[in-house]
Structures are given as structure tokens and as C-alpha cells.
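Inspection log for the structure reproduced underneath, given as C-alpha cells.
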Amino acid sequence: MKVTHFLIAALLTMFSSNVRGDYYTSIVSLIDLLEAEMQVIGFLEQYMEAMEEISRKANETLSELAYASQEADEDPEEYYENPLNAYKIISRFVIDWKKLNETVFDGTHAAAYTANLTELDSKEGYTAPTQEDLKGASKGLARLQRTYQLATIDVAEGDLKEMNYGQNFSTSECYWLGRSLYEAGDFKYASEWLIQARIRLAEELRASNDVPEFKEIITDVQVLELLAAALFYLGKSNLASFFNDEILAQEPTNENALKNQLLYLNKAHAERNAVRVVDEANNYLQRTELDELFDQTCNGDRQQTPREKRNLRCRYVHNNVPFCRLAPFKKEELSHDPPIAYYHETIYDNEMARIINATEHMVERSMVGDSKQSGYSEVRTSQNTWLNLTENAFLHKIAQRLRDVTGLSLESGESLQVANYGIGGHYGAHYDFSEEDDPDEDYDGQGNRLLTALFYINEVELGGGTAFPYLRLLAPPIRGSMIVWYNLHKSLELDYRTKHGGCPVLVGSKWICNEWFHIVGQEFNRPCGLEQDGYKSLPWKGLH
Ligand SMILES: *[C@@H]1O[C@H](CO)[C@@H](O)[C@H](O)[C@H]1NC(C)=O
Ligand SMILES: *[C@@H]1O[C@H](CO)[C@@H](O)[C@H](O)[C@H]1NC(C)=O
Ligand SMILES: *[C@@H]1O[C@H](CO)[C@@H](O)[C@H](O)[C@H]1NC(C)=O
Ligand SMILES: *[C@@H]1O[C@H](CO)[C@@H](O)[C@H](O)[C@H]1NC(C)=O
Ligand SMILES: *[C@@H]1O[C@H](CO)[C@@H](O)[C@H](O)[C@H]1NC(C)=O
Ligand SMILES: *[C@@H]1O[C@H](CO)[C@@H](O)[C@H](O)[C@H]1NC(C)=O
């Protein structure tokens, strides 16, 4: 049952760009969403105008009717002795009230509004965002906070790394964010956002002089219930118990709070007595040591030592290509072993614009490995597509440049992969090569992925670098630059030091494209070394 469900979901995804839960992964689909929102605003405005017109008409009639009945009310008996007045009241019911009924109950406008919305819903490629999307966006935000160590109090006021985007969060935004993070099992950030919700709620109450004008949508008790539970799962039962008592102070008969009281107290007692308590929160998120290394590499806490950097150079290279003697490549070495380097200004403005233009409406949620069968992986949140280098004439020059820079053949190369990352979009640490005993099964007999060439094709405001956690190396996105590295040792053994990933995008959107060169056809371009050098990276194998 479940398997079929996933299969259907996977199939659907292949044919439509914005499937459930996918909005947060791509800026492109958010732009579609903005268009939809503007349309909905138009529909509602039209509807509200019609309602105002109804209200105005009804009010007019109402005033007349009210005037007539007031007059009669002064001395009803005398009033109705006049046969004209007697006629009038009957006529009012049969004619005027009926007409008013028609005005008030006129359903055509509501029907038109509904029809407009239905039409939008059925538009190709559009699906209204769902709870799943909201959850995804919440997780994306929490991921940014965790990776770049952003304090919730700052983010809630729109501060991202010393830049202020003036986006103060409201009470309800904080609450719903906390709530979806709670549901996603991220209790640390859930509790922090719920605390922000409480602070805002208290301020709102003070500002309205303790007499809220509107019945508030979110109550302090609602926030406290989630907050206490989140703290409980975080292993802070003392605090959970404290906030639970606050609920009981406000609502002494609150059933949940009464039920939880004992649970929280017992756990707090156990903790005080140093009984080992399983950290359920961390279990839930399943964060590994590698996740920590990766985050530290992204946020700059983990860097190459000056000694490691000492022999790295920037220089012009021509790789013996005659044309490149005139216009050499600008190479910036990032690591000698394994070889990793930037090549700056290797893709031109018009090429980048064309790649984005050609793919922005084809991007699909990226899939990692065989996750086609098992739903989407949390490891990667981006949307991607492929461009065949042969079939797209505008890519021929890029293909030639790739050959010139690497000195390798594209005979066994894959299509160019183009990917777009949105809010918190990232790609967790992974290898580009296949660890299968027989990689040909994965790659159609082309051999394993030998070399990766990754172009940054747009400006990313903040975040979005490529991190190599084992090498303590971060390559920030530079528009027009390409990073190149070998995934295999000279002996063609797997180089486990090349584990890498895309850091979350903090501000902006990130477009990249990359080319994978395979082993087949490189016999004379990158001859095998004389020795087995795979031992060099073995200590990194199987770390996580
Ligand atoms: C809604 O639909 C009606 C007819 O179906 C159309 O006349 C109207 O212009 C639409 N409203 C908007 C805002 O497009
Ligand atoms: C209805 O009409 C009366 C008198 O004509 C006016 O005072 C009142 O503001 C109107 N109400 C609305 C809701 O337009
Ligand atoms: C107005 O509509 C209501 C509800 O449909 C109905 O009960 C009432 O009799 C109608 N009044 C007149 C005067 O038509
Ligand atoms: C944001 O809202 C909070 C709570 O209402 C307030 O304390 C804070 O000063 C606001 N910050 C900014 C930058 O407007
Ligand atoms: C972008 O692509 C569309 C077709 O997909 C084409 O009509 C348009 O001219 C392209 N724009 C640019 C600037 O290349
Ligand atoms: C690209 O297209 C050509 C011609 O249609 C085809 O022969 C080749 O296999 C394709 N390349 C890839 C990597 O799919």
C-alpha cells in the first residue's frame, strides 16, 4: 500500500513541476506562487467590491423601510386606519422585502469568486501550497539557523548575519513556525520560536491595555502547551514542568496540563537523580558527527590551517591549448591532494542567462540516488534538470572549455545538470562517485565519476558555498567561476576525502550547473598512476 503510494507520488513528480511540499526548494516556484497570490487578491477585490455594492443597495432600501415602519410605530392604530398605509405595509412585504431578499441572497458573486479560484487551482503546473510546504519551509529556516548559528531572537526580527531585512515576525508567524518545527521533531528551534511567540503575545496584550479588541487567535495557553512539550522532549523536564504550572495557573482545570504534570515532574526527578535519560530530541533529528563537521565548514568555524594554505597559488594556465595561450584560464588552487581548484570567469554572462532561461521552467525536485522509489530525500532540497551538451548548440563552446580546462574527453560525460536552490536549500555531504562494486551498473558502462566540474551561474547574496568537511574547505559561490575536483585517485580508487555538499542558501537563490566526467575514454588523458594510491583516503572511508 505504502509502496504504491510512493510510486505514484514519484511518478506525479516527474510530470509536474510544483508538487506537494516542493515550494520551499526553489525560488522559481515561489515566483509562480507570487503570481497566483496576486491573482487571488484580484479575485477577492472584485468579490468585495460586489459585496460593497450589495451592502450599499441593501442599506438604501433598509433606510426607506425603517423610516416607514418608524412612522407607523408612533401610533399604529391610527396609522393603519388609513387604507393607503394598510396597502403599503402589505406591498412592502410582497415587493420591497422580497427585492431586498434578492439583493442580499444574490449568490452570483460568490459563485464567480469560487469559479475564479477553481480555475486557478486547475491551472497546469500550479498546486496551492500545503501543510507539507509549510513544514518544508520551517525546516529550511531551522537548517539555516543551525548551520550558520543564527539566534532565533535575531531571525525573528529579520536579522540574518548582521544584515537586517526588516521582516519582523508576528505572534502568529512565530507560533506556527514553532508548531511546524515541533511536528517535524526539531524541538530545540521549536521551543525558541515558541518563546518568541510568547514575548510578542505579551507585548500585544500590553499594547491593547489588557483588553484585546479582537478575540486573539492564539492564546498564551496554546503556546505554553507546545513549549512545555518541546522542552520535555529536549530533556529539560524542569522547565517543561515550570511552564506546565503556568498553564495551570491560567486554567486550573486544563486537562492536558493536569495529565502532563505528573509526567514532567517524574522525569525531572529522574534527571536530578542522574538516571541516564535518552536524548530523544537528537535521536529524532538523527544528526551525525559529519553533519556537525559539515555545518562548521559552512559557517567558517572549520578552516584550512595556514600551513595547508601555504602552497596554494593563483595563476594563469593554458594546459597547452593554443587558444588558451592567448586567453589563459584563471586558476585558484584550493587543495593539491586531492586536486581541487577554482577556474574563474570560465562561463560568460550570456551563457549563464541562457542556461537559466532554458531551464527555469523545467526544474524538478532533485532526487538523490535511488530515492525515486522511496519518496524524496531530506538530504537534498533543490530542483534540477538536465541539458544535453550535444543537442543544445549554445553549450558547444562550454563543452570545449570543459575539455580544455580538464584535459579530459567528454565522450563518457553526462548531460549538464542544472539546479536551483531556494530558502535553506542545500545538499547534504555526499560523494559524487558510486560506491557500488560495479559502478558500470549505475553509469551505463561509462565507469565511475572521475571528475566534477561545477559552475556557479548566479550571484548568491549569502551562503550557498560548496563545503568539503574532511578537507576543512569551503568554496563560496562566485558567479562565472567553476570548481573542479577529482573524485578518484590516480589509481581510480575512490577518494573518500572528496565528500562534499552544498551549504544552505541564506539569502537569495542559487543556480549551479555541473558536468560529470567518467572514466571511459580518459586512458591517455589521465593515465593511471604507477602505484595504488587509494590508501591515502582510506581513513575517511565509512566516517559519518
Ligand atoms: C472571474 O471570473 C469572471 C467570469 O468567470 C470574470 O468575468 C472575472 O473577470 C474574473 N475575475 C478576475 C479578477 O479575473
Ligand atoms: C446606511 O445608511 C445610513 C443613512 O442613509 C447611513 O447613516 C449609514 O452609515 C449607512 N450604513 C452603511 C453600512 O453604509
Ligand atoms: C426572505 O428570505 C428568507 C430566507 O430565504 C425567507 O425565509 C423569507 O420568507 C423571505 N422573505 C420575503 C419577504 O420574501
Ligand atoms: C519586532 O517586534 C517585537 C515584538 O513586537 C518588538 O519588541 C521589536 O522591537 C520589533 N523589532 C523591530 C526591529 O521592529
Ligand atoms: C528565453 O526562452 C524563451 C523560450 O523558452 C525564448 O522565447 C526567449 O527569447 C528566451 N529569452 C532569452 C533572453 O534568451
Ligand atoms: C545527448 O544527445 C545525443 C544525441 O541525441 C545522444 O547521442 C547522447 O547519448 C546524449 N547524451 C546524453 C548524456 O544523454
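Start at 1 and go down the list; that is how both ligands and their atoms are numbered. This structure is a prediction, so every number in the text was calculated from the model and none was measured.
Nearest protein heavy-atom contact of atom 6 (C) of ligand 6 is Asn388 ND2, 4.2 Å. Looking from atom 9 (O) of ligand 1 to the surrounding protein, the closest heavy atom is Gln46 NE2, 3.6 Å. Ranking the protein heavy atoms by distance from atom 8 (C) of ligand 3 puts Asn101 ND2, 3.7 Å first.
Applying the 4.0 Å criterion to heavy atoms of Phe93 picks out, from ligand 3, the atoms 13 (C). Ligand 3 places these atoms under 4.0 Å from at least one heavy atom of Phe105: 2 (O). The Ser415 neighbourhood of ligand 6 comprises atoms 12 (C), 13 (C), 14 (O), with distances under 4.0 Å to a heavy atom of that residue. Annotation for ligand 6: atoms under 4.0 Å from non-hydrogen atoms of Glu391 are 2 (O), 4 (C), 5 (O). For ligand 1, the atoms lying closer than 4.0 Å to a non-hydrogen atom of Asn116 are 1 (C), 2 (O), 3 (C), 10 (C), 11 (N).
Side-chain contact check for Ser509 and Asn420: at least one donor-acceptor pair (N or O, by modelled atom type) lies under 3.5 Å.
When the shell of 6.0 Å around NZ of Lys490 is examined, it contains 12 or fewer heavy atoms from other residues, nucleotides or ligands.
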Test salt bridge (Lys or Arg N to Asp or Glu O under 4.0 Å) applied to Glu53 and Arg56, step by step: CA-CA 5 Å; Glu53 177 65 18; Arg56 203 181 47 76; 2.8 Å; yes

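Stacking of Lys331 on the aromatic ring of Tyr343 is not recorded, the 6.0 Å distance cut-off and the 45° axial limit not both being met. Relative to the six-membered ring of Phe394, Arg354 meets both conditions, a distance below 6.0 Å and an angle of at most 45° to the axis.
Under the 4.0 angstrom criterion, atom 2 (O) of ligand 6 counts as having a protein heavy-atom contact. The presence of a protein heavy atom under 4.0 Å from atom 14 (O) of ligand 3 is confirmed.
The structure places CG of Asn319 at 7.0 Å from CZ of Phe329, a figure rounded to the nearest 0.5 Å.
You'll find the ring centres of Phe468 and Trp485 inside the 6.0 Å limit.
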